[in-house]
Amino acid sequence: MAENYSETNKRIAKNTLVLYLRMGVLMVIGFFTTRITLSALGVENYGIYNVVGGLVGMFSLISGSLSASISRFLTFGLGKGDLEHLKKVFGVSMNIQLSLALIIVIGVETVGLWFLNHKLVIPADRMFAANVVFQLSIGSFILGLLSMPYNAVLVAHEKMSAFAFMTLFEAGCKLLIVFVLLYVNGDKLILFATLLFAQGVISQLIYWIYCKIHFQECKYTFVKDKPMYREIFHFAGWNFIGCTAALLNDQGVNITLNLFFGPIVNTARGIGNQITGILAQFSGNFMTALNPQITKNYAMNELDRMQTLMFKGTKLSYYLFLIVSLPILLETNKVLMIWLGQSPEYTVGFARLAIILSLVNLLSNTLITAQLATGKLKIYQICVGGTLLLNLPISYVTLKLGGSPTSVMVVAIIIAQICMFLRLYFLRAMMGLSMRRFLKEVYLKVISVTALSLPVPLMAYLLMPDNLLRFIVVAVISVATTSAIVYNVGCDEGEKALVTRQVKKFKRILVRA
């Protein structure tokens, strides 16, 4: 068993390394393309694209819950080593997705189209462009829907090199798209949406071809296994609550902000989310490599090993995000000035609160993976998903009472923290998760590390004049002090030994180079 654990750790490390190499390129491209896109489209068009795309995303409630179900059953099947079961899951998944595509198109082209043209706050002279973007967004959404089983197979098999290659390809396409925006005349918003749709078509074709060649289960057959349909729909039915809550928290709040403040505030929130989305790759890469192992360990009934992976994964993903996000949290104004030049009002507030929300949500990521692995969703989703659903109505009431646009982020942070404790409570009953161990080894550790990491860079930020030198000093001090505190306070002896070994390996590689 020790040898198996060693192989598992090596695979996680290898997959994480591949994903981090991908991330370095994506970060550079992501920051660069956002600046050019905002400049080429303009603040208003950028906000229109953000909110119209979000309106289409609202109709992914059902597909989101089924997608999580498909991923869970495929990964669980791999943990059991049952190829025939995998083939059945894939066939059932494709049948479900094809049916959903038809249902969602009908819903979007009726209710969604009416809401776009009669409720959203969009200037009259941009309504035609908004409708074109809406239709292209539907096309992109349906493509993604039909590709979900293939993408789930890719992640379940832990083929992160192929996954990394495809995301790099997509990032390169987006870089090409923004250059086209700069040099081609016409309606920039329509052109942007059209090119993104074309890129989506090409990407999905590559995914389909790769999976069909490399994975035996990715050959479509019509399956009539009623118990399996029932099992997946039962799982998805309860997971629907959580997916609904997640989408309403994001796109529902985005639409609410549009109704109160118009598309400019949507741009501010979109930029804030863009920053955290790029930063989240530091921790997200690690979690992408780790999540399949959590599900597979549950399938093999290795619950102690599963909990160890969960706790260490939560800590390490939090630390990685904290190291890169803390200097940006302090120097948000300077980052936005260097990155975008000028940004809409409220962008700084949205960006800072989005970083804090991401840190809070990171504490729940492995808990969510474990919850999906158990398949026991009914009571869990009623309580946790129900709590998350409160985000939208509370945000609406807050804005109605005169709250600022950024107040919706404060609501989201408070609810996210409550939900973390609810997840711990239910996982204790589902799989014997030790709440005391999580609070001691994870929660108190990350709070201590965060509290100790803040004073020194904050002092530099407050005492130095606002210029480029302060930005550099704060960034260097923040990364150095946070890294040192993570190592000395946040890691146990085993984790310290692992870090030391990896640093020595890295030094040897540099010497040889």
Side-chain angles (χ1 to χ4, degrees), residues 30 34 50 54 57 64 242-257 261 265-284 286-287 313-315 317-333 335-336 343-344 346-369 384-385 387-399 403-424 442-443 446-447 449-451 453-454 482:
T34 300
N50 192 271
C243 291
T244 302
L247 275 163
L248 290 179
N249 288 349
D250 186 14
Q251 303 302 343
V253 169
N254 207 30
I255 290 171
T256 302
L257 286 170
F261 302 104
V265 168
N266 292 125
T267 298
R269 186 171 186 253
I271 293 170
N273 288 340
Q274 181 82 2
I275 291 175
T276 54
I278 294 170
L279 292 175
Q281 293 178 57
F282 277 91
S283 54
F286 179 72
M287 293 310 301
T314 301
K315 278 200 305 181
S317 61
Y318 184 97
Y319 294 155
L320 287 167
F321 190 87
L322 181 67
I323 289 169
V324 296
S325 67
L326 189 55
I328 295 174
L329 185 66
L330 293 172
E331 288 285 2
T332 311
N333 270 308
V335 170
L336 289 170
S343 55
Y346 299 114
T347 304
V348 172
F350 273 118
R352 283 176 169 160
L353 290 169
I355 289 172
I356 295 170
L357 177 60
S358 294
L359 285 167
V360 173
N361 281 331
L362 278 170
L363 298 175
S364 288
N365 280 355
T366 60
L367 303 180
I368 294 170
T369 302
V384 178
T387 303
L388 281 171
L389 283 170
L390 295 174
N391 198 341
L392 182 59
I394 292 174
S395 295
Y396 182 86
V397 171
T398 302
L399 295 176
S404 72
T406 54
S407 62
V408 300
M409 301 297 292
V410 177
V411 173
I413 290 167
I414 294 170
I415 289 179
Q417 185 68 103
I418 294 170
C419 286
M420 186 207 77
F421 286 105
L422 286 174
R423 290 185 180 103
L424 284 173
V442 179
Y443 192 69
V446 301
I447 288 177
V449 167
T450 305
S453 299
L454 191 57
T482 305

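In what follows, residues are counted from 1 in the order of the sequence shown.
S407 pairs by the side-chain contact (heavy atoms from CB on, under 4.5 Å) definition with T398, L399, S404, not counting sequence neighbours. When the side-chain contact (heavy atoms from CB on, under 4.5 Å) test is applied to I413, the partners found at least two apart in sequence or on another chain are L353, I356, L357, V360. T332 is linked by a side-chain contact (heavy atoms from CB on, under 4.5 Å) to L336, V348, A351, R352, counting only residues two or more places apart in sequence or in another chain.
Here the straight-line distance linking atom CZ of F321 with atom CD1 of I355 works out to 6.0 Å at 0.5 Å rounding. Summarising the geometry, atom OG1 belonging to T347 is positioned 10.0 Å from atom CG belonging to N333; distances are rounded to the nearest 0.5 Å. Taking CG of L422 as the reference point, atom CD of Q417 lies at 11.0 Å (rounded to 0.5 Å). Here the CG atom belonging to L359 is positioned 4.5 Å from the OG atom belonging to S325, to the nearest 0.5 angstrom. Between the CZ atom of F350 and the OG1 atom of T267 there is a distance of 10.5 Å, given to the nearest 0.5 Å. Atom SG in C419 sits 7.0 Å away from atom CD1 in I415 (nearest 0.5 Å).
Side-chain contact between T256 and V408 is absent, with no heavy atoms from C-beta onward closer than 4.5 Å. You'll find the side chain of S453 reaches within 4.5 Å of the side chain of L326, heavy atoms only. Looking only at side-chain heavy atoms (C-beta outward), P344 and I271 come within less than 4.5 Å of each other. Looking at heavy atoms from C-beta onward, T314 lies in side-chain contact with L363 at the 4.5 angstrom threshold. Side-chain contact between V442 and Y318 is absent, with no heavy-atom pair separated by less than 4.5 Å. The shortest side-chain heavy-atom distance between L392 and V253 falls under the 4.5 Å cut-off.
Partner of M420 under the side-chain contact (heavy atoms from CB on, under 4.5 Å) criterion, chosen from N361, V384, L367, L362: L367.
A tilted orientation is assigned to the rings of Y346 and F261, their planes being inclined by 30° to 60°.
The two atoms that bring P405 and L257 nearest to each other are O-CD2, 3.8 Å, heavy atoms only. Shown here for R423 and S364, the closest heavy-atom pair between the two residues is NH1-OG, 3.0 Å.
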